[in-house]
Amino acid sequence: MPGFEIIDSKEYNAVNRLFKKENGILFAHGFNNLRKNYHVREFEQNFNKKLKSKYTLAVSSGTSAIKIGLLSIGVKRGDEVITQAFNFIATVEAILDIGAKPVIANIDNSLNIDPLEIENLISKKTKAIIPVHMLGVPANMKEILKIAKKYKIKVLEDNCEALGGRFNKKYLGTIGDVGVASLDFGKIITCGEGGTIHTKSKKIYNFAKEYHDHGHQNNPRKTRGTDTKKIYGFNYRMTEIQAVIGKEQLKKLDYIISENKRRYFAIDKIVGKYLEMRTIPKGSDLIYDTYIFFVKNKLLKKQVINLLNKLEFGTKNLPDAIEWHCSFYWDHALSKKNIIRSKISRDILKTSIAIPIQLKKKINDYKSLAKELEKIFK
Ligand SMILES: Cc1ncc(COP(=O)(O)O)c(C=O)c1O
């Protein structure tokens, strides 16, 4: 995921300007007489424009965005939230942190939530579904929204791994009731740490805005010290430093995706015809940051992984870090029932190989890799 690969003078100059020309105001709120800009607020507007989102709130991380998102759609202690077995622990942590119960659905060959599983897992306590658009590919939002509507359940899209991707021409993260992105250092764009929350609902936005800032309403008629409040919250604010970096990175998002795409198809053109690929739901626009296929034969799989390591491509989280990304291994956080059920997903993931697309590598590097893979699979 290449955001960090192309941090350059643009981000450096933006931070420098903040210190040299804007009095070094690093806080997103107040200091009205000293500051010249409100960078976090601008960053949010830029996101709205880019994703065609009605409201965006910038926060401290993707994990906090999921937690705030869940609270803002009314998930409470004791409620159940369905999410998927191929994931990152952060999604489960956010559910647990508000006292709700994670219920794990298996994935299908798209490596995202299997819509057929969701209906079986819905109970009277189910309040929300979190589809996770893993490694650049959209979950089947059409089917998920249909089920959510039928059972009157909210949908929170965890879009930490597919920012810039689309489903039926709509940007991921803006399709469900609420959507979140991560801007941590491993993501398609980054500001070190950070996250965003997107929604069409003013009510959800207002709750999230107040909650992430200790309940502050940022009432324009009041000073920060005399500000009005309705709820208590927490501190999940983003800083101006993160925002100036994020604004520069957001401008690079389309370029990153188009460069990813060139590398992705450099592989696919040569070797794609021999491979059993991850299924892509109809109507998807990918971010092409990972090339994923299945290899069921253990010896062949070993051969491919050795090749990827020898040529210094690595295999990202499949199978490299499968234990961090598959709920079958999370008995420190999940019930036995969830662990046992996740075995189906573990078995799918165990046959998957992910080639990370990196911008520091040239198109020809990917062509050479594909030719080596062709020798194995032809
Ligand atoms: C699917 C998924 N959800 C949530 C997160 C959490 O994001 P952050 O690291 O910004 O807290 C990540 C980050 O790795 C992720 O991949």
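Ligands are counted one by one from 1 in listed order, and the atoms in each one are counted from 1 as well. Positions are given from 1 along the sequence.
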Original post:
Between Phe234 and Lys67, is there a cation-pi geometry (under 6.0 Å to ring centre, at most 45° from the normal)?
Top reply: yes
Original post:
Gln84 side chain to Phe86 main-chain N or O, any donor-acceptor pair under 3.5 Å?
Top reply: yes
Subject >> Qualifying residues under ring-ring contact (aromatic ring centres under 6.0 Å, His included), relative to Tyr38, sequence neighbours excluded >> reply: none
Original post:
Centres of the Phe265 and Tyr366 rings: under 6.0 Å?
Top reply: no
Original post:
Taking only residues two or more places apart in sequence, or in another chain, which ones meet Tyr171 in a ring-ring contact (aromatic ring centres under 6.0 Å, His included)?
Top reply: none
Which pairs of N or O atoms, one from ligand 1 and one from the protein, are separated by less than 3.5 Å, and what is the distance for each pair?
unit_1	atom_1	unit_2	atom_2	d
ligand 1	3 (N)	Asp158	OD1	3.4
ligand 1	3 (N)	Asp158	OD2	2.8
ligand 1	7 (O)	Ser182	OG	3.4
ligand 1	9 (O)	Asp184	OD2	2.6
ligand 1	10 (O)	Gly62	N	2.7
ligand 1	10 (O)	Ser182	OG	2.7
ligand 1	11 (O)	Gly62	N	3.4
ligand 1	11 (O)	Thr63	N	2.9
ligand 1	11 (O)	Thr63	OG1	2.4
ligand 1	14 (O)	Lys187	NZ	2.7
ligand 1	16 (O)	Glu161	OE2	2.6

Subject >> Set of side-chain contact (heavy atoms from CB on, under 4.5 Å) partners for Lys152, sequence neighbours left out >> reply: none
